Protein chains: 2
Amino acid sequence: MEVELSHRDQDILKATVISYIKTAAPIGSRSITKQFDFGLSAATIRNIMADLKDLGFLLQPHTSAGRVPTEKAYRFYVDLLLEENRDLSEIEHYQLAKTEDLNTLLHDASKTLSILSGYASIVMAPRIETIIFKHIKFISLKKNLILAIFVTGDGHPYNITVEMDEPLSQKELDRLSAIINDRYSDRSLDEIRKSLLTEMHEEKKRYEQLLIKVFDLNKKNLNEFQENQLFLEGTTNIMDLPEFTETEKIKSLFKAFEEKVALVKLLDRCLSSEGPQVLIGSENAFLEANECSLVISSYRLGEKDVGAVGVIGPIRMEYHRVISLVDYTAKLITKAHLC
Amino acid sequence: MEVELSHRDQDILKATVISYIKTAAPIGSRSITKQFDFGLSAATIRNIMADLKDLGFLLQPHTSAGRVPTEKAYRFYVDLLLEENRDLSEIEHYQLAKTEDLNTLLHDASKTLSILSGYASIVMAPRIETIIFKHIKFISLKKNLILAIFVTGDGHPYNITVEMDEPLSQKELDRLSAIINDRYSDRSLDEIRKSLLTEMHEEKKRYEQLLIKVFDLNKKNLNEFQENQLFLEGTTNIMDLPEFTETEKIKSLFKAFEEKVALVKLLDRCLSSEGPQVLIGSENAFLEANECSLVISSYRLGEKDVGAVGVIGPIRMEYHRVISLVDYTAKLITKAHLC
DNA sequence: CTTGGCACTCTAAGATAAAGAGTGCTAATT
DNA sequence: AATTAGCACTCTTTATCTTAGAGTGCCAAG
């Protein structure tokens with residue numbers, strides 16, 4: 001079954017995909033001869049396209065219509081792109097506004113990415129577990145309300161409000177923070193979490209409640225926290241696409257967008273892989289349900305991949321341009337982190 | 001022109017509005033006689049409806065169709081509701097989960113409101129200018145990066161990261177915070193802002209950059225800040241409504257939703273007024289453009305109205321239920337603030 | 001193997017017709 | 001004088017039919 005495509009077949013397939021990405025309408029053999037110069041007649045192209053149909057790369061909405069690429073065709077096209085195009089030369093090299101606030105940076109990146117891609121962009125802030133802890137400070141807000149601020153290795157603050165059953169004096173809090181800073185500085189939250197559960201026997205009793213909540217030892221708020229760390233922009237761009245003219249499809253996609261947890265999971269899966277990744281239609285349950293594709297790349301903080309940026313678009317996405325754009329944006333964020 | 005409607009005319013008008021709110025289809029004289037028992041024949045109702053049409057309360061899509069309420073009719077109906085119904089008895093009295101975090105509370109309220117109303121909900125966090133300042137604390141994050149945390153009168157923290165041209169020692173920062181806490185505790189940010197510009201001559205030079213950024217004296221980030229303090233939930237509910245089947249209308253509304261600044265302005269306008277407010281269609285530019293209505297109520301913090309909750313729905317909204325719901329939710333938030 | 005030619009297929013768009021809901025008016029009734 | 005029944009008329013909606021057009025599939029010739 002798995003026959004190698006001849007060079008010429010590949011060219012025709014590529015041409016069909018490219019053409020369909022532009023027009024979103026079934027591609028006829030005639031229009032291929034007009035747009036591309038293969039030195040072949042429409043009839044020949046027609047024969048080749050019939051073969052490609054049999055191989056599962058193209059399909060016909062009905063007998064007397066042009067051909068439409070299948071997901072297999074997009075996969076073939078994208079794999080070719082990812083092989084060939086390691087240079088990413090053709091996109092405009094934008095810059096992000098300088099800012100001290102990480103969230104602002106990511107928000108900006110997401111907005112820019114949505115505008116330049118013309119699709120919806122999605123940016124996930126660093127996974128909290130991977131963050132490197134530097135030091136912590138406690139501030140008493142009200143009687144039993146304590147604000148914990150921890151600062152990360154790269155100088156970003158996170159704050160957590162904790163309600164205590166019994167009040168703690170500022171002196172006690174300072175003592176506790178000194179201990180924590182001394183013992184856990186420069187370690188990841190994940191490590192700290194594990195250590196805290198085994199070490200800290202003497203302090204534990206008195207501060208148990210506080211520590212559990214601050215380091216979220218029972219991982220209660222993790223999902224909700226991460227949910228707030230997701231930037232989704234340009235979703236309305238999707239509505240301008242011809243494949244999303246039916247209200248039902250728009251509805252389904254936007255309901256999915258509201259479920260941020262599912263999106264976080266989707267991005268999370270791609271964190272560990274190298275370079276830009278492309279998920280096409282039914283290669284993923286979320287995408288399949290909404291007939292769309294995802295181009296995604298992770299950004300680094302230090303030497304670890306901690307977050308991801310991506311673009312959600314139609315299966316008929318301009319993969320070439322978007323892959324470059326996503327890859328570039330991820331690198332931009334990695335670079336901004338360094339300063 | 002402004003003739004008083006007879007009691008009977010009012011009843012027919014009300015019946016037409018109520019019926020149309022349910023069905024979203026033009027209301028015929030016959031269907032009125034079926035649904036309501038006025039002891040009148042269809043022909044009589046027909047005559048009355050013709051009068052109401054002449055008075056601008058009803059209109060006909062075409063000669064041989066039923067009647068549809070105009071905005072004037074909704075206004076009449078809503079004014080009647082607001083007069084009569086100060087009791088709000090008929091909605092279910094839900095509760096919000098206890099939480100220490102104000103944003104979580106507002107987010108929860110927004111989600112609940114959208115689910116219970118069946119429309120889109122919108123919740124604005126307290127306007128930052130109205131917040132009562134309690135004390136401030138500075139933490140050095142990196143060389144020239146300072147984190148300022150100010151705590152409000154009711155114990156909620158806000159933090160701002162400031163990048164300085166020159167570093168300040170922790171000692172200096174502590175001295176400055178002591179001065180600020182001493183001088184400005186229990187005053188609103190708006191007041192503090194005004195005072196800072198005139199007072200603080202001696203400290204000003206050295207700390208000018210820091211103070212300007214922390215208290216946002218040039219109001220640069222205010223809009224962006226407020227933008228992040230807006231919770232919009234259940235927007236996809238709107239897509240289920242028959243008036244939003246056309247993709248163009250959905251698109252327009254969702255593009256408007258992305259413009260959070262406009263929404264903030266819309267809510268802001270209503271902050272000072274007493275009780276639940278209703279804006280119907282063309283009574284507001286934003287709503288007119290998207291053919292929808294807004295029910296809104298402000299919540300208090302102390303004795304000042306600081307934020308607002310609302311519901312955005314079709315002009316054919318179930319005002320009765322929604323007004324009660326919005327009013328109740330606003331009161332719930334006000335109450336939660338007190339603890 | 002490639003190509004021109006041509007009959008055939010299927011959709012999309014326009015045209016026509018019939019059904020149905022509701023009005024507006026008139027004349028009869030209370 | 002207000003109310004009601006009756007009925008012709010209007011306008012939309014839905015279904016059916018027709019036609020134009022794009023594109024294929026296949027055959028026979030190059």
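Since we're looking at a predicted model, the values are computed, not measured. The analysis underlying the following values was restricted to heavy atoms, covering all of them including side chains, and did not include hydrogens, waters or symmetry mates. We name chains A, B, ... by the order of the sequence lines, and we start the count at 1 in each one.
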Between A:Gln277 and A:Ser297, is any side-chain donor less than 3.5 angstrom from a side-chain acceptor?
no
Under a 3.5 Å threshold, yes or no: a donor from one side chain and an acceptor from the other, between A:Thr245 and B:Thr247?
no
So, taking the atom named CD1 in B:Ile18 and the one named CG in B:Leu13, what distance separates them when rounded to the nearest 0.5 Å?
9.5 Å
What is the distance from atom CG of B:Asn290 to atom CZ of B:Phe254, rounded to the nearest 0.5 Å?
10.5 Å
Using a cut-off of strictly less than 4.0 Å between a heavy atom of the residue and any atom of DNA chain D, enumerate the qualifying residues of residues 11-23 of chain B by number.
none
If you take any heavy atom closer than 4.0 Å to DNA chain D, which residues from residues 38-46 of chain A end up in contact?
A:Arg46
Heavy atoms from other residues, nucleotides or ligands near NE2 of A:His7 exceed 12 (cutoff 6.0 Å):
no
Does atom CD of A:Glu259 have more than 12 heavy-atom neighbours, drawn from other residues, nucleotides or ligands, at distances under 6.0 Å?
no
Check the distance between [N]'s [atom2] and [X]'s [atom1] and give it to me in whole angstrom.
| X | N | atom1 | atom2 | value |
| --- | --- | --- | --- | --- |
| A:Ile27 | D:dA22 | CD1 | P | 15 Å |
| A:Asp54 | D:dG25 | CG | C1' | 13 Å |
| A:Lys53 | D:dT24 | NZ | P | 11 Å |
| A:Asn47 | D:dT24 | CG | P | 11 Å |

Checking the side chain of B:Arg321 only, and the main-chain atoms of B:Ser117 only, is there a donor and an acceptor separated by less than 3.5 Å?
yes
Given side chain to side chain donor-acceptor pair (under 3.5 Å), test B:Ser19 with B:Thr16 step by step and report yes or no.
CA-CA 5 Å; B:Ser19 196; B:Thr16 312; over 6 Å; no
Holding to side chain to side chain contact (heavy atoms under 4.5 Å, CB included), I want the full list of residues that pass it with B:Asn47, two or more places apart in sequence or in another chain.
none
Under the side chain to side chain contact (heavy atoms under 4.5 Å, CB included) test, residues paired with B:Lys255 that sit two or more places apart
A:Thr236, A:Asp240, B:Lys251
What does nucleotides 11-20 of chain D look like as a protein-contact string, B for base, S for sugar-phosphate only, - for none, at under 4.0 angstrom between heavy atoms?
BS--------
Check whether any side-chain heavy atom of B:Gln60 lies under 4.5 Å from a side-chain heavy atom of B:Val68, and answer yes or no.
no
Scanning both residues in full, the closest heavy-atom pair of A:Leu58 with A:Pro69 reads CD2-CA, 3.8 Å
Stepwise salt bridge (Lys or Arg N to Asp or Glu O under 4.0 Å) check, B:Lys249 with B:Glu243
CA-CA 8 Å; B:Lys249 287 191 180 169; B:Glu243 35 266 273; over 6 Å; no
Nucleotide interval of DNA chain C bounded by contacts with chain A (heavy-atom cut-off, under 4.0 Å)
C:dT2 to C:dT11
